[in-house]
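Accompanying notes for the structure given below.
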Amino acid sequence: MRPQVEAFLDPDTETWSYVVFEGTGGHAAVIDPVLDYDPKAGRTSTAGAQRLVDFVKRHNLNVDWVLETHAHADHLSAAPFVRDQVGGRLAIGEHIREVQETFREVFNLEKEFLCDGSQFDHLFSDGETFSVGELEGRVIHVPGHTPADMAWLIGDALFVGDTLFMPDGGTARCDFPGGDAGTLYRSIQKLLALPEQTRVFVCHDYPGDRREYACQTTVGEQKHHNIHIRDGVSEAEFVRMREARDATLEMPRLILPSVQVNVRGGNMPPPEGNGVSYLKIPVNRL
Ligand SMILES: [Fe+2]
């Protein structure tokens, strides 16, 4: 089974979103759609996500799922907008509940905020299967970057979220609340155990001036060439490298607005008495 995959880059946050589909007129899943957000003005826009919606409509696709690999810390999710426009069930990994607990405390969210994942239509567990029309999907729990990360294997296409980047980009950071480098190492071994020709689609790419943006590689290329975790790198070596590197990284520019929206399934906080939603900034907390 070889699904077709259309990739969409959000240049502002260097995020890749995907439409995975059987073919024109067939079934589809949308993965990690991005809501544009201007932090200077506190203004959102659906212009970027509209590209995915337009693609779905142009190809007459029947969207079964809108999938989030995890609660992103670098961009806001456009999943509610995409679902409103083209349908599909919004899903994330079941460990989102732990992430919700963490950020309910960080942001002192309202009493009515539930940490039960009910903001999503479905919570997936490790090993669960699903279908996108005739395509078979399987969920692989890959904690380490956050506790809730899931990789989606649809046919021969593996959507790795924030675990592996392109081979020359290495791996995702592990210093967010609930992150752990050793856990990420063991999660990535599950992905690298898949057939070498499995197509790998990354959630981010940070090429700088080295090369053009890229989104697609293979399990084999990762095993042989990933600069952080290719064959032969031990867990201890990886953890040492990952923790030293994480200690040098700044927080992502949009982490504060992103996580408080994304634990709500991409919805804004309830509006206040004047009808306006407000995002919070916890001072000296992160
Ligand atoms: Fe992430």
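When reading the values below, keep in mind they use all heavy atoms of this one structure, side chains included, and skip hydrogens, waters and symmetry mates. Quick caveat, the model's predicted, so the values are computed rather than measured. First listed ligand is number 1; within each ligand, the first listed atom is number 1.
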- request: For the pair E101 and R104, find out whether any cationic side-chain nitrogen is under 4.0 Å from an anionic carboxylate oxygen.
  value: yes

May I ask you to decide if the ring planes of [X] and [Y] are parallel, tilted or perpendicular, using 30° and 60° as cut-offs?
{"X": "W16", "Y": "Y213", "result": "perpendicular"}
{"X": "W152", "Y": "F130", "result": "perpendicular"}
{"X": "F8", "Y": "F55", "result": "perpendicular"}

- request: Inspect the surroundings of CZ in R210 and state if more than 12 heavy atoms from other residues, nucleotides or ligands are less than 6.0 Å away.
  value: yes

Which pairs would a plain distance check flag for residues 279-286, meaning a side-chain donor or acceptor within less than 3.5 Å of a matching protein atom at least two apart in sequence or in another chain?
{"residue": "K280", "atom": "NZ", "partner": "F107", "partner atom": "O", "Å": "2.9"}
{"residue": "K280", "atom": "NZ", "partner": "N108", "partner atom": "O", "Å": "3.0"}
{"residue": "R285", "atom": "NH2", "partner": "E105", "partner atom": "OE1", "Å": "2.5"}

query: Around the Fe ion (ligand 1), what protein N, O or S atoms are found below 2.8 Å?
result: H70 NE2, H145 NE2, D162 OD2

